[in-house]
2 protein chains.
Amino acid sequence: MITGAVRTMASGRQRATNFELRHLRYFVALVEERNFERAALRLGIAQPGLSQQIFSLEAIVGLPLLDRSKRSVNLTPTGQALYEDATKIIAQADATLSLIRRVGRGEKGRITVGYVASASYSGILTEMLGSFRRSLPDIELQLFEMEMRQQLQRIKDGDIDFGYIRPPAPIPSDLETTTVLKEPLVVAMPAGHPLASRTAIKLLDLRDDVFITPRQPPDVGFHANTLSACGEAGFKPKLDLNGRDFTTIASMIAVGLGIALVPHSMNCFGLPGVRYVPLVDNEITTDLAVVYRKKEASPAVRAFITHHRDLSGQRRTKNRMHGKSLT
Amino acid sequence: MITGAVRTMASGRQRATNFELRHLRYFVALVEERNFERAALRLGIAQPGLSQQIFSLEAIVGLPLLDRSKRSVNLTPTGQALYEDATKIIAQADATLSLIRRVGRGEKGRITVGYVASASYSGILTEMLGSFRRSLPDIELQLFEMEMRQQLQRIKDGDIDFGYIRPPAPIPSDLETTTVLKEPLVVAMPAGHPLASRTAIKLLDLRDDVFITPRQPPDVGFHANTLSACGEAGFKPKLDLNGRDFTTIASMIAVGLGIALVPHSMNCFGLPGVRYVPLVDNEITTDLAVVYRKKEASPAVRAFITHHRDLSGQRRTKNRMHGKSLT
DNA sequence: TTTTTTCAGAAGCAAAAGTTATGATAACTG
DNA sequence: CAGTTATCATAACTTTTGCTTCTGAAAAAA
């Protein structure tokens, strides 16, 4: 039998509310202060309220947490076990709050980036991503090599956040592009080609050669670049659209299947039997651009966009000052 | 400017309540159902209440969690981040509840056990602890080799829960003891002692030898055992109380400083130059007992106590059946 | 378009948290 | 060993707030 006096709050059944962080916060304060009065003071409530909440917690747990044989705050083994976990749960809840506030400020998050294979040759991808990572190290970057048109679709769909492409391309109306690099085109030709030893070539001199381009629709990417460049030079090129990417195109050139217009930065790819020769037509260039959603919700991605706009703005200014020497 | 109608619930400042598990539970339900109506149903509340709580959560976080541009439940990146953590916090809270309920049922906990060094020789300590561990593997056992009197004090103080001792000892009134093993005493003597090659010795034959005993008060442990055994045999032994424990006593015997009465189980300690010879006085025995608090709060420790009482009861029954052959 | 679905707002109710006042008793203290 | 103090529990009451029902507005579907 229980002690004579009926303690309705203690022995009477407690209304069974839900387990809440409040219970844990109160319990932790009580354990740490080892005194209801002081704990209540620390919590900014009156002492009886704390008493009630502790009873409520005991009702939820279904076990006594305090040894009430003496007029002091002594934990039962159960209470001790709860205290150890309670601090952890509270800490985790606090950590979560501050984490998602950091997500809100764009200091934390995940960005998925697509890129065409040729984007990595110029080094600008590494440069852009590297400086971004240094400024916001807690943002996770995921990179996917991907065809241009696939990128556009998946950015639109929200599957990925960002893409590196080579214009021209049919940009959907809800996507935005920014050019981050403009580089001259050079001619990639077999080492045995009659013009391979020249220091520079006029594009028109290549009117009888076969131009290998990536397997793409005629209005997109390098295919389009090649067509328009030759068009400007005054001829319609013979085409072979069987290249998959620049590395296979380079191999095709090495075995003598044709020539190609490629970005200047391709010359890092020194396949034997392939020569890269500059064009005298200096204004023939190719762009590297980034694509992203116009209305971007994620603060992290917005920061990434801003970073790209800032850096490509800087680069353009610098290049203007140095007299546009893009080699 | 915001849309014409003033949305007090949405745009009006939300009373800033505390961050509670309720917010997380509601938010998780909403995210998983992707629909306020269904989520509210699952939570057993009406839909507007859920709406309000989600707004309240957004006010606490300080950031929008849902994209309200459309009439559908779409998470913002912040909301996504919160969802991932929210499930973790809820899971941890649930785990804590079930954990401490297990503590309450005595299936989980920590027990600290003290033991006198000689307790480990008989193998009963390993046996008792091993079988307990097999039956309740989630209870953590911590072992401390400790002098008997220190054990009694620390069990009383609540520093440790349980002790293995060798009676007799002054047991405080709030502690309880149970004998778990009764074993015969044997004589440990130098190999060169005149009686060392006997198969059994009468204790009285040793009345002129020096008995080495552990450095203890006269009413405690082996000191007391030796005194009472010799007293029963009819003589008052010459004593040397400089032994620290049985291993140093054995070394002292080996170099010829005296003899000692030791537990039969000590013969596992085969130091060169020491012989263990049985006594013909077969009723001369020593006990190994366990000590614990009479009023023990911890369910884990209570389970441990019960286990010891059960097992030593079994052993006694078995021994009676086998004719008390304690060798 | 019309209808349906779905989320938000207003007002009120009811439950639960919290308050003040007080009681009971363990723990000091002279 | 009283007498006092400290400390926790209880009762009764107030306030807060979570939740309800009813209703509105707008997007999505037909």
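Residue numbering restarts at 1 for every chain, and letters A, B, ... go by the order of the sequence lines. Basis for what follows: all heavy atoms, side chains included, without hydrogens, waters or symmetry-related copies.
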Distance-minimising heavy-atom pair for A:Ala119 and A:Tyr164:
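Answer, listing the atom of A:Ala119 first, then A:Tyr164: CB-CB, 4.0 Å.
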What is the minimum heavy-atom distance between A:Arg101 and B:Leu63, and which atoms define it?
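In terms of heavy atoms, the two residues are closest at CA-CD1, 3.9 Å.
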Using whole Å, what does the distance between atom [atom2] of nucleotide [N] and atom [atom1] of [X] come to?
X	N	atom1	atom2	result
B:Leu41	C:dC7	CG	P	13 Å
A:Glu58	D:dC8	CD	P	13 Å
A:Phe55	D:dC8	CZ	P	11 Å
A:Gln53	C:dG18	CD	C1'	9 Å
A:Glu33	D:dC8	CD	C1'	16 Å
A:Arg34	C:dA27	CZ	P	14 Å
B:Asp67	C:dT6	CG	C1'	15 Å

Count the heavy atoms belonging to other residues, nucleotides or ligands that lie under 6.0 Å from [atom1] of [X], then report whether that count exceeds 12.
X	atom1	value
B:Arg149	CZ	no
B:Glu20	CD	yes
A:Lys295	NZ	no

Report, one pair per line, the protein and nucleotides 20-23 of chain D atoms (nitrogen or oxygen only) whose separation is under 3.5 Å.
from	atom 1	to	atom 2	distance (Å)
D:dT20	OP1	B:Ala46	N	3.4
D:dT20	OP2	B:Ala46	N	2.3
D:dT20	O4	B:Gln52	NE2	3.0

So, does [X] use its side chain to make a donor-acceptor pair with the main chain of [Y] at under 3.5 Å?
X	Y	answer
B:Thr306	B:Arg302	yes
B:Thr177	B:Val290	no
B:Thr179	B:Ala289	no

So, OP1 or OP2 of D:dA9: does either fall under 4.0 Å of a side-chain N or O from A:Arg68?
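So the side chain of A:Arg68 is within the cut-off, an N or O lying under 4.0 Å from OP1 or OP2 of D:dA9.
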Hey, is the side chain of B:Ser51 poking within less than 4.0 Å of OP1 or OP2 on C:dA8, counting only N and O atoms?
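The answer is yes; a side-chain N or O of B:Ser51 sits under 4.0 Å from OP1 or OP2.
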Sorted by first residue and then second, give each salt bridge (charged side-chain N to carboxylate O under 4.0 Å, His left out) pair with at least one member in residues 76-87 of chain A; sequence neighbours left out.
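Sorted result for residues 76-87 of chain A: A:Asp85-A:Lys88.
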Walk me through whether B:Arg154 and B:Phe144 qualify under side chain to side chain contact (heavy atoms under 4.5 Å, CB included).
CA-CA 11 Å; B:Arg154 298 194 65 182; B:Phe144 301 98; over 6 Å; no
Please confirm whether the ring centroid of B:Tyr292 lies under 6.0 Å from the ring centroid of B:His308.
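When the ring centroids of B:Tyr292 and B:His308 are compared, they turn out to be at least 6.0 Å apart.
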Considering residues at least two apart in sequence or located in another chain, which fulfil the side chain to side chain donor-acceptor pair (under 3.5 Å) criterion with B:Asn74?
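If we apply the side chain to side chain donor-acceptor pair (under 3.5 Å) test to B:Asn74, skipping adjacent residues, the hits are B:Ser72.
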Rounding to 10°, can you tell me the angle the first-five-pair axis of the helix from C:dT1-D:dA30 to C:dG30-D:dC1 makes with its last-five-pair axis?
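Roughly 30°, once rounded to the nearest ten degrees.
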Produce the list of close N/O pairs, under 3.5 Å, pairing protein atoms with atoms of nucleotides 5-7 of chain D; give distances to one decimal.
from	atom 1	to	atom 2	distance (Å)
D:dT7	O2	A:Arg71	NH1	3.4

Show your reasoning for whether salt bridge (Lys or Arg N to Asp or Glu O under 4.0 Å) applies to A:Glu58 and A:Arg68.
CA-CA 12 Å; A:Glu58 287 180 313; A:Arg68 290 188 168 76; 2.9 Å; yes
Below 4.0 angstrom, which residues in residues 19-31 of chain A have at least one non-hydrogen atom near DNA chain C?
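DNA chain C contact set from residues 19-31 of chain A: A:Arg22, A:Tyr26.
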If you measure only the distance, is there a donor-acceptor pair under 3.5 Å linking the side chains of A:Glu32 and A:Tyr83?
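Yes.
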